[in-house]
2 protein chains.
Amino acid sequence: MVVGLVNDSEKCRYSINMATRGSYAKGIAKRAEILDIALEVFGKEGYRGTSLRKVAHLCNLSLAGVMHYFDSKEDLLVQILRKRDLRDEVTGDDVKQQDKFLEILGRNGEEPGLVALYVTMAAAAVDPEHPAAAYFKERYEHILEIAEESYFQTRPTPSDEELSYFRIMTRSSLAMADGLQLQWLVDPSVDVAGTMAVFLEQIRTFMAMSAEQRNADQ
Amino acid sequence: MVVGLVNDSEKCRYSINMATRGSYAKGIAKRAEILDIALEVFGKEGYRGTSLRKVAHLCNLSLAGVMHYFDSKEDLLVQILRKRDLRDEVTGDDVKQQDKFLEILGRNGEEPGLVALYVTMAAAAVDPEHPAAAYFKERYEHILEIAEESYFQTRPTPSDEELSYFRIMTRSSLAMADGLQLQWLVDPSVDVAGTMAVFLEQIRTFMAMSAEQRNADQ
DNA sequence: GTCTATACTCAGATAGAC
DNA sequence: GTCTATCTGAGTATAGAC
């Protein structure tokens with residue numbers, strides 16, 4: 001109708017309070033059911049082709065029924081990712097973590113929709129107000145922390161240089177995994193786990209090598 | 001109005017013909033202007049907060065006026081990325097390419113919206129029908145090709161193993177660059193170019209090393 | 001070829017009844 | 001806790017003026 005109004009998009013786009021719903025047993029169960037179904041349908045059809053109304057219908061709920069449990073669509077999407085992380089928790093020592101890591105990467109190959117959702121949410125997280133921003137911040141911090149703990153288990157007293165190098169390599173590994181999956185989305189022939197394994201092997205060689213070099217220098 | 005219809009989302013979502021518009025000088029100029037303005041506003045505010053109507057208004061055009069030049073919003077978004085690639089074309093030999101590469105990564109640090117757009121389109125490209133799918137396919141192929149050409153300039157007769165290793169490392173480099181930028185979107189303190197430089201240095205060392213090893217084995 | 005006006009459909013959000 | 005009804009704004013499609 002009116003054409004002039006252009007600059008009113010600065011509204012409160014994302015709610016602040018979060019998930020105080022589901023306090024009763026039934027609500028908790030329904031909430032979990034919605035997440036499960038949403039995870040499946042978004043994973044299969046991608047989040048762009050899927051409306052909340054569709055998800056609601058699959059849950060035998062109305063749109064408002066779904067919205068009762070989540071602050072917004074974006075919030076729901078992020079909760080899906082959180083649920084996946086809970087499923088894919090990485091634990092154990094150095095070597096076991098790497099194996100688990102590669103195993104997860106392999107499994108991701110069966111869920112392109114989820115990977116696409118992950119990537120999309122990462123892009124959305126540029127906006128610090130977006131619920132994905134907090135999620136990714138926590139996620140990266142958590143992973144870096146877990147990795148460092150396992151590192152200290154096998155090398156209790158690393159030099160500053162060694163520790164710094166390890167941190168850079170952890171970040172690099174994460175980055176490469178994300179990037180390879182991004183390429184894989186476009187071209188499914190890209191071997192995510194395989195390429196990743198080459199890199200991890202290279203890191204091991206390099207860390208051993210620099211240790212030798214240090215010994216040789218003495 | 002009607003509630004029942006849920007499964008009619010399988011319509012023709014993306015047009016097929018492309019950009020036969022702009023045949024006249026004026027049209028060509030306007031098309032370029034739209035892209036420039038869209039690049040700026042999407043780059044600054046991100047594509048999620050920006051509607052085509054807003055872009056149109058900034059171009060002193062109606063929404064339909066913009067749509068005259070592009071098949072869809074998604075098409076426009078991809079054209080923005082194509083335009084950026086034209087600006088950032090990588091040329092020259094081995095070393096110069098790496099410098100240029102790092103330089104571009106540095107410049108991307110000033111355009112988070114564009115990086116976010118890139119990542120979002122990558123996610124959208126899971127759908128082979130989406131205009132971004134063709135874009136990324138071409139982009140990756142082109143970059144891999146350029147890199148390989150420069151590799152042959154300095155090493156005209158590599159062994160199969162060397163060439164294969166080089167290809168994997170090129171892909172890995174691309175992946176890491178994408179992944180680091182993804183992390184940087186979430187946490188701007190991540191040093192994309194710096195971390196990337198460490199990896200590139202590591203590759204150089206590794207390639208030199210394996211050459212020595214081969215010589216030692218003989 | 002360039003562009004406007006208008007109408008259409010669908011999305012997510014919200015208010016209030018039950 | 002869930003629904004119906006309604007709102008706003010998005011992208012899209014078409015007819016036709018210049």
Side-chain angles (χ1 to χ4, degrees), chain A residues 1-17 19-34 38 42 45-57 59-77 124 130-131, chain B residues 1-17 19-34 38 42 45-57 59-77 124 130-131:
Chain A
M1 232 151 252
V2 188
V3 183
L5 55 151
V6 183
N7 271 326
D8 65 335
S9 60
E10 311 307 326
K11 52 171 80 168
C12 189
R13 282 197 290 184
Y14 312 111
S15 327
I16 302 158
N17 86 326
T20 44
R21 285 74 177 257
S23 317
Y24 288 68
K26 186 187 174 189
I28 293 174
K30 197 69 186 175
R31 189 190 152 89
E33 185 194 337
I34 296 172
F42 280 121
E45 307 183 15
Y47 103 105
R48 283 173 159 245
T50 315
S51 69
L52 283 190
R53 278 176 175 85
K54 192 167 190 173
V55 174
H57 185 254
C59 300
N60 290 109
L61 236 55
S62 74
L63 170 64
V66 170
M67 293 304 290
H68 176 69
Y69 293 97
F70 304 93
D71 294 326
S72 65
K73 182 186 188 182
E74 307 296 309
D75 179 43
L76 168 58
L77 295 175
H130 193 286
Chain B
M1 233 149 252
V2 188
V3 183
L5 53 151
V6 184
N7 271 324
D8 64 336
S9 61
E10 313 306 327
K11 51 172 77 167
C12 189
R13 281 197 290 182
Y14 312 111
S15 326
I16 302 158
N17 85 328
T20 45
R21 286 75 176 256
S23 315
Y24 284 62
K26 185 188 174 186
I28 294 175
K30 198 69 187 175
R31 189 190 150 89
E33 186 195 335
I34 296 171
F42 281 122
E45 307 184 17
Y47 103 105
R48 284 171 159 245
T50 314
S51 69
L52 284 190
R53 280 176 174 85
K54 192 168 190 173
V55 174
H57 184 255
C59 300
N60 290 107
L61 236 54
S62 74
L63 170 63
V66 170
M67 293 308 289
H68 174 68
Y69 292 97
F70 304 94
D71 294 327
S72 65
K73 181 186 188 182
E74 307 296 308
D75 179 42
L76 168 58
L77 295 174
H130 192 287

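Letters A, B, ... are given to chains in the order of the sequence lines, protein chains preceding strands, and every chain is numbered from 1.
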Rounded to the nearest Å, what distance is computed from the [atom1] atom of residue [X] to the [atom2] atom of nucleotide [N]?
X: Phe70(B); N: dG1(C); atom1: CZ; atom2: C1'; answer: 15 Å
X: His57(B); N: dT4(C); atom1: NE2; atom2: P; answer: 12 Å
X: Met67(A); N: dG1(D); atom1: CE; atom2: C1'; answer: 15 Å
X: Tyr47(A); N: dG12(C); atom1: OH; atom2: C1'; answer: 13 Å
X: Asp75(A); N: dG12(C); atom1: CG; atom2: P; answer: 14 Å
X: Glu33(A); N: dG1(D); atom1: CD; atom2: C1'; answer: 14 Å
X: Leu76(B); N: dT12(D); atom1: CG; atom2: P; answer: 10 Å
X: Glu74(A); N: dA13(C); atom1: CD; atom2: P; answer: 7 Å

Could you tell me the separation between the [atom1] atom of [X] and the [atom2] atom of [Y], rounded to the nearest 0.5 Å?
X: Arg48(A); Y: Thr50(A); atom1: CZ; atom2: OG1; result: 11.5 Å
X: Asp75(B); Y: His130(B); atom1: CG; atom2: NE2; result: 9.0 Å
X: Ser51(A); Y: Leu63(A); atom1: OG; atom2: CG; result: 8.0 Å
X: Phe70(B); Y: Leu52(B); atom1: CZ; atom2: CG; result: 10.0 Å

side-chain contact (heavy atoms from CB on, under 4.5 Å) between Tyr69(A) and Leu76(A), intermediate numbers included: CA-CA 9 Å; Tyr69(A) 293 97; Leu76(A) 168 58; over 6 Å; no
Please confirm whether the backbone N or O of Met67(B) pairs with a side-chain atom of Lys73(B), one donor and one acceptor, at under 3.5 Å? no
So do the side chains of His57(A) and Lys54(A) get within less than 4.5 Å of each other, counting heavy atoms only? no
Could you check whether any side-chain heavy atom of Leu61(A) comes within less than 4.5 Å of a side-chain heavy atom of Val55(A), counting everything from C-beta outward? no
So, under a plain 3.5 Å distance rule, would you say the side chain of Arg53(B) forms a donor-acceptor pair with the base of dG9(D)? no
Atom pairs, protein N/O to nucleotides 2-4 of chain D N/O, distance under 3.5 Å:
{"from": "dT2(D)", "atom 1": "OP2", "to": "Tyr69(A)", "atom 2": "OH", "distance (Å)": "2.2"}
{"from": "dC3(D)", "atom 1": "OP2", "to": "Ser62(A)", "atom 2": "N", "distance (Å)": "3.0"}
{"from": "dC3(D)", "atom 1": "OP2", "to": "Ser62(A)", "atom 2": "OG", "distance (Å)": "3.1"}

All heavy atoms of Tyr47(A) vs all of Phe42(A), minimum pair found to be CA-CD2, 3.2 Å
If the helix axis at each end comes from five base pairs, how far does the helix from dG1(C)-dC18(D) to dC18(C)-dG1(D) deviate from straight, to 10°? 10°
